[in-house]
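Heads up, the thing below is written out as structure tokens.
Counting starts at 1 for both ligands and their atoms, in listed order. From a predicted model like this one, the values you see are computed outputs, not experimental measurements.
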Amino acid sequence: MFMAMKDMFDLPLETKKKNVGTKTFGGYIGRSPKTPLYESLGIEYPDMPGQVQAFTDVLWPHGNPSFCQTLDSMTKVMIGLEQIIRKMVFESYGLEKYYESSIKDTETAMHFVKYDPPPNNEPAIGANPHTDGGFITVLNNNLPGLEILSRENEWLPMEPRQGTFTIFIGDALQAWSNGRLHIAKHRVIMRGKKDRYTYVMFAIPKDEAVIEAPKELVDKDHPLLFRPFKAMDFRRYSFANMYKDDLNVLESFAGIV
Ligand SMILES: O=C(O)CCC(=O)C(=O)O
Ligand SMILES: [Fe+2]
């Protein structure tokens with residue numbers, strides 16, 4: 001996958017720009033002043049028929065069947081893993097009855113990210129501190145750089161390990177769990193001289209989905225922490241507040257004080 005990603009990012013800029021999305025999380029994002037080392041491409045709904053093929057055709061009009069196949073099977077693995085984890089989470093609360101409807105309310109997006117090495121060998125920010133907005137994120141990267149903010153407010157490095165994926169809980173699942181699940185803030189710091197690649201699958205609520213903690217998770221010891229909200233409204237709010245590092249977007253959007 002990482003080799004295929006190198007070929008993908010080595011394509012001419014005009015070709016990469018042909019990767020367009022309909023939402024804020026699809027399509028090509030070039031280097032910008034706030035994230036000068038970051039570049040990404042994206043596919044919305046890679047699990048829907050024809051989407052992986054269409055994405056491949058845009059980048060390689062003469063075809064690239066091996067990329068298409070690799071991506072297709074990788075997508076299935078990552079989505080399958082996400083569903084197993086979500087099921088385990090729901091079961092752990094005795095709430096498996098909500099699993100099917102939660103999956104029905106879900107759509108997926110796949111991102112491919114390339115981070116350039118920092119200029120003049122000084123550590124530099126690759127991705128700004130953030131939480132992922134959706135239900136669950138599944139990702140893999142080829143080099144260190146990912147850091148997780150601990151509950152003690154320390155940045156801890158997450159070393160990539162071959163054959164493993166990193167999983168993040170997103171804001172939507174934290175709200176659903178009435179705060180029982182912890183969302184870890186994370187960032188990427190680039191060091192060294194090598195390009196860094198990440199591929200990441202986001203399982204996110206559909207626009208119209210309403211995120212609301214089930215009644216079983218709310219009682220007098222666990223008062224409701226977040227008002228119910230529509231996924232689309234939260235997405236807009238998060239996007240508008242993207243670079244406010246100290247802001248807890250979920251709390252400021254839906255927190256009940
Ligand atoms: O590149 C990484 O390791 C992290 C990427 C990430 O956090 C994201 O895309 O949301
Ligand atoms: Fe993230």
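In terms of protein heavy-atom proximity, atom 8 (C) of ligand 1 is closest to H130 NE2, 3.8 Å. Scanning all protein heavy atoms for the shortest distance to atom 9 (O) of ligand 1 gives F202 CZ, 3.7 Å. Y115 OH, 3.6 Å is the protein heavy atom nearest to atom 5 (C) of ligand 1.
At distances below 3.5 Å, not a single donor-acceptor pair connects side-chain atoms of D132 with backbone N or O atoms of G134. A distance-only check finds no donor-acceptor pair linking the side chain of H182 to the backbone of R180 [under 3.5 Å].
Excluding waters, the count of protein N/O/S atoms less than 2.8 Å from the Fe ion (ligand 2) comes to 3.
Ring geometry for Y197 against F9 counts as tilted: the plane angle lies between 30° and 60°, on a 0 to 90° scale. In this pair, F112 and F55 present their aromatic rings parallel. The plane angle is below 30°, not in the 30 to 60° band.
Side-chain contact between T15 and P12 is present, with at least one heavy-atom pair separated by less than 4.5 Å. In this structure, the side chains of Y199 and L71 stay at 4.5 Å or more apart for every pair of heavy atoms.
When the heavy atoms of R196, M158, H186 are ranked by distance to atom 3 (O) of ligand 1, first place goes to R196.
Linking ILVMFWY residues whenever their side-chain heavy atoms come closer than 4.5 Å, directly or via other members, places M1 and M8 in the same cluster.
For ligand 1 and T198, the ligand atoms under 4.0 Å from any heavy atom of the residue are 1 (O), 2 (C), 3 (O).
Contact annotation: for D132 versus ligand 1, heavy atoms closer than 4.0 Å belong to the side chain alone.
Among pairs with a residue in residues 85-99, those fulfilling salt bridge (charged side-chain N to carboxylate O under 4.0 Å, His left out) read E82-R86, K97-E216, at least two apart in sequence or across chains.
Geometrically, R227 engages F253 in a cation-pi contact defined by less than 6.0 Å to the ring centre and at most 45° from the axis.
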